[in-house]
Student: 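Once you've had a glance at the structure underneath, I'll fire off some questions.
Predicted model only: the values in this text are computed from it and were never measured.
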Amino acid sequence: PILKEREDVTLRYAGDGEATGELRSEIKRLGVEGRVLLLGRVPHEELSTRIRESSFVVTPTRKSYPEGRCMTAMEALVMGRPVIAPRCGPFPYLVEDKGNGLLYTPDSVSSLRSSIEQLLNDTNLYKHVVKGARLTSEKLRSNTFDYYCAISDAFVM
């Protein structure tokens, strides 16, 4: 629905899998061809370019597909891009809700949509999370931030 309502929004979908054909059919059925770009599997050396071209990165993971690592979210934050991720698994340890991104209710399309709309419609919130993502990037890229610091930060109560 966001793509039909807002002509200034384009979705770039990176990744491939067995549901790609179904996704392609759904894009055509909805009439949003050209607004949704299916990038397929993006070579690792192109990831930074693709992420930097984005206003923000979304990780639409379901609880039934638990992520052992949230690599996409980490890569986006290292590059200073805000992340929209589910409030489950490892994501809340990396994505600070309304700090460097937004967390949505897992398995809730309406919650995910609301988070996307918030960043598209609330300029002040968007600027705030961009700043937070850049600060996270500086921290993650600093020589003084190592594995021990990451674990300590994750478990500070």
Side-chain angles (χ1 to χ4, degrees), residues 1-138 140-141:
I2 294 170
L3 292 170
K4 289 189 173 238
E5 295 165 7
R6 301 220 15 193
E7 292 190 20
D8 61 328
V9 175
T10 302
L11 172 64
R12 295 179 184 172
Y13 185 89
D16 59 3
E18 57 190 57
T20 303
E22 185 180 328
L23 182 57
R24 190 172 280 113
S25 296
E26 187 68 7
I27 291 166
K28 187 173 184 168
R29 185 186 73 75
L30 293 171
V32 291
E33 305 100 319
R35 307 283 309 290
V36 179
L37 308 175
L38 297 179
L39 304 176
R41 186 182 181 291
V42 177
H44 191 74
E45 61 273 6
E46 291 180 25
L47 282 176
S48 62
T49 301
R50 296 296 182 178
I51 291 171
R52 282 192 178 97
E53 291 172 344
S54 303
S55 299
F56 53 88
V57 172
V58 179
T59 57
T61 300
R62 295 185 198 168
K63 284 177 87 171
S64 59
Y65 303 117
E67 298 277 341
R69 300 175 301 158
C70 46
M71 197 62 142
T72 302
M74 286 188 273
E75 290 167 337
L77 287 170
V78 164
M79 290 178 229
R81 290 297 181 260
V83 175
I84 297 176
R87 188 184 311 276
C88 67
F91 294 101
Y93 295 103
L94 185 61
V95 178
E96 180 188 342
D97 194 35
K98 296 188 178 159
N100 59 10
L102 297 176
L103 294 171
Y104 65 90
T105 304
D107 300 331
S108 171
V109 173
S110 64
S111 179
L112 174 57
R113 179 180 177 177
S114 174
S115 294
I116 293 169
E117 288 175 332
Q118 283 180 62
L119 288 192
L120 291 174
N121 298 328
D122 187 335
T123 305
N124 291 330
L125 175 61
Y126 178 73
K127 287 178 182 177
H128 179 75
V129 296
V130 166
K131 183 178 178 182
R134 289 183 181 149
L135 290 172
T136 300
S137 174
E138 290 172 17
L140 292 172
R141 297 165 73 118

Student: For the residue pair Pro82 and Ser55, what are the closest heavy atoms and their distance?
Tutor: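 In terms of heavy atoms, the two residues are closest at CD-O, 3.6 Å.
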Student: Have Thr59 and Thr61 got a donor and an acceptor in their side chains that come within less than 3.5 Å?
Tutor: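 No, no side-chain donor-acceptor pair sits under 3.5 Å.
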Student: Between Gly34 and Leu37, which heavy-atom pair has the shortest distance, and what is it?
Tutor: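 In this case the closest contact between Gly34 and Leu37 is O-CD2, 4.1 Å.
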Student: Give a yes or no answer on whether the side chain of Arg87 reaches the backbone of Pro92 with a donor-acceptor pair at less than 3.5 Å.
Tutor: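 No; judged by distance alone, with no hydrogens or angles, the pair does not exist.
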Student: Can you tell me how far CG of Leu11 sits from CG of Leu3, rounded to the nearest 0.5 angstrom?
Tutor: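 Leu3 CG to Leu11 CG: 6.0 Å, rounded to 0.5 Å.
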Student: Would Arg6 and Asn121 count as having a side-chain donor-acceptor pair, cut-off 3.5 Å?
Tutor: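 Yes, because at least one side-chain N or O of Arg6 sits under 3.5 Å from a partner of the opposite role on Asn121.
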Student: I'd like to know whether Leu125 forms a side chain to side chain contact (heavy atoms under 4.5 Å, CB included) with Leu102, so could you lay out the CA-CA distance, the side-chain angles of the two residues, the decisive distance to 0.1 Å, and finally the verdict.
Tutor: CA-CA 10 Å; Leu125 175 61; Leu102 297 176; 4.3 Å; yes
Student: Do you know which two heavy atoms are closest between Ser48 and Met79, and how far apart they sit?
Tutor: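 Heavy atoms of Ser48 and Met79 come nearest at CA-SD, 3.3 Å.
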Student: Please name the pair of heavy atoms, one in Arg41 and one in Asp16, separated by the smallest distance, quoted to 0.1 Å.
Tutor: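 Reported closest heavy-atom pair: CB-OD2, 3.6 Å.
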Student: Rounded to the nearest 0.5 Å, what separates atom CG in Asp97 from atom OG in Ser115?
Tutor: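 The CG atom of Asp97 sits 7.5 Å away from the OG atom of Ser115.
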Student: With distance as the sole test, does Thr136 use its side chain to make a donor-acceptor pair with the main-chain N or O of Gly132 at under 3.5 Å?
Tutor: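 Looks like yes, one N/O pair under 3.5 Å.
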Student: Atom NZ in Lys127, atom CG in Asp122: separation rounded to 0.5 Å?
Tutor: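 One finds 10.5 Å between NZ of Lys127 and CG of Asp122.
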Student: Is there side-chain contact between Arg35 and Lys4, with at least one heavy-atom pair below 4.5 Å?
Tutor: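 Of all side-chain heavy-atom pairs linking Lys4 with Arg35, none is under 4.5 Å.
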Student: For Glu5, does the CD atom sit with more than 12 other heavy atoms under 6.0 Å from it, leaving out its own atoms?
Tutor: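 Enclosed: over 12 neighbouring heavy atoms sit under 6.0 Å from CD of Glu5.
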Student: Taking only Lys NZ, Arg NE, NH1 and NH2, and the carboxylate oxygens of Asp or Glu, determine whether Glu117 and Arg113 approach each other closer than 4.0 Å.
Tutor: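 Salt bridge flag = yes for Arg113 with Glu117.
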Student: Does the pair His44 and Glu75 meet the rule for a side chain to side chain contact (heavy atoms under 4.5 Å, CB included), with working shown?
Tutor: CA-CA 11 Å; His44 191 74; Glu75 290 167 337; 3.8 Å; yes
Student: Return yes if some donor-acceptor pair links the side-chain N/O of Thr20 with the main-chain N/O of Gly17 below 3.5 Å, else return no.
Tutor: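 Yes.
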Student: Heavy atoms only: give me the nearest Ala76-Val57 pair and the separation to one decimal.
Tutor: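 So the two residues come closest at CB-CG2, 3.7 Å.
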Student: Inspect the contact between Arg12 and Glu53 and indicate whether a charged nitrogen and a carboxylate oxygen are less than 4.0 angstrom apart.
Tutor: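 Salt bridge flag = yes for Arg12 with Glu53.
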Student: Looking at Tyr13, I'd like to know if its OH atom is crowded, meaning that more than 12 non-hydrogen atoms belonging to other residues, nucleotides or ligands lie closer than 6.0 Å.
Tutor: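 Count not over threshold, so no.
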Student: Closest heavy-atom contact between Phe91 and Cys70?
Tutor: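 Heavy-atom minimum between the residues: CE2-CB, 3.1 Å.
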Student: Enter the distance from Lys131:NZ to His128:NE2 here, rounded to the nearest 0.5 Å.
Tutor: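 Between atom NZ of Lys131 and atom NE2 of His128 there are 8.0 Å.
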Student: For a side chain to side chain contact (heavy atoms under 4.5 Å, CB included) check, start with the C-alpha distance between Ile27 and Leu38, then their side-chain angles and the critical distance, and finish with the verdict.
Tutor: CA-CA 10 Å; Ile27 291 166; Leu38 297 179; 3.8 Å; yes
Student: Going from CG on Asn100 to CG on Leu135, what distance comes out if it is rounded to the nearest 0.5 angstrom?
Tutor: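 If I round to the nearest 0.5 Å, the distance is 9.0 Å.
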Student: Could you grab the distance from atom OH of Tyr104 to atom CG of Leu112, nearest 0.5 Å is fine?
Tutor: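 Rounded to the nearest 0.5 Å, the OH-CG separation comes to 5.0 Å.
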